[in-house]
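Letters A, B, ... mirror the listed sequences (proteins, then strands); counts begin at 1.
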Amino acid sequence: MQYWLMKSEPDEVSIDDVAAAPARTVPWFGVRNYQARNFMRDGMRVGDQAFFYHSSCAEPGIAGIVEISSVAYPDASQYEAGGKYFDPKATPETPRWVSVDVTLVRKTALLPLRELRTHAELEHMKLLAKGSRLSIMPVEAGEWRYITQQLLA
DNA sequence: GCCAACGTTGGC
DNA sequence: GCCAACGTTGGC
């Protein structure tokens, strides 16, 4: 069992959007970074859990917990000509980008990035590293436990 | 809106 | 394969 953190702009897909989706499940689409893609494709297993993180918004932070509910499959948005996520080099025969499905476990009170930064126990989190911009990253088991038990209790 | 940090592209 | 130029991310 691996733990993850996944960033989404709430203007695009928020934790409430996941809660409102059929079966509380949405495809995670639009990842266009190879490292993040490889985490989805090679690292994620059905049943893994992830922090759902709101980024690029007034109050960035952890907004809930989701579970990975599918293995990786081709991201449909890469084929949508004219769309924001279109990739002219991707074809159905040789897809370049993948999605996984995520299912809501629970929405939480927002745990702001500002707050995360104040905990010495979390100082090594990849999320908090200077210049870190990855949209999908692994979370250490100890960090996961600390955040879920002490901060999202 | 600014800008630091990082990733990608493409000429050579 | 180098690296400058450019584009993107994302907090502030």
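Annotation: side chain of A/Ile147 is in contact with side chain of A/Leu116 (closest heavy-atom distance under 4.5 Å). Using a 4.5 Å heavy-atom cutoff, the side chains of A/Asp75 and A/Arg32 are in contact. The shortest side-chain heavy-atom distance between A/Asp48 and A/Met1 falls under the 4.5 Å cut-off.
Contacts of A/Arg117 with the nucleic acid, taken as non-hydrogen atoms under 4.0 Å apart, involve only primed sugar atoms and P, OP1 or OP2.
Applying the ring pair (Phe, Tyr, Trp, His ring centres under 6.0 Å) test to every pair with at least one member in residues 57-94 of chain A, sequence neighbours left out, gives these pairs: A/Phe29-A/Tyr85.
Ring geometry for A/Phe52 against A/Trp28 counts as perpendicular: the plane angle is over 60°, on a 0 to 90° scale with 30° as the lower cut.
The 5' end of DNA chain B is approached more closely, in terms of each residue's nearest nucleotide, by A/Gly131 than by the other of A/Arg96 and A/Gly131.
From the 5' end on, the contacts that DNA chain C makes with chain A at under 4.0 Å to a non-hydrogen atom open and close at C/dG7 to C/dC12.
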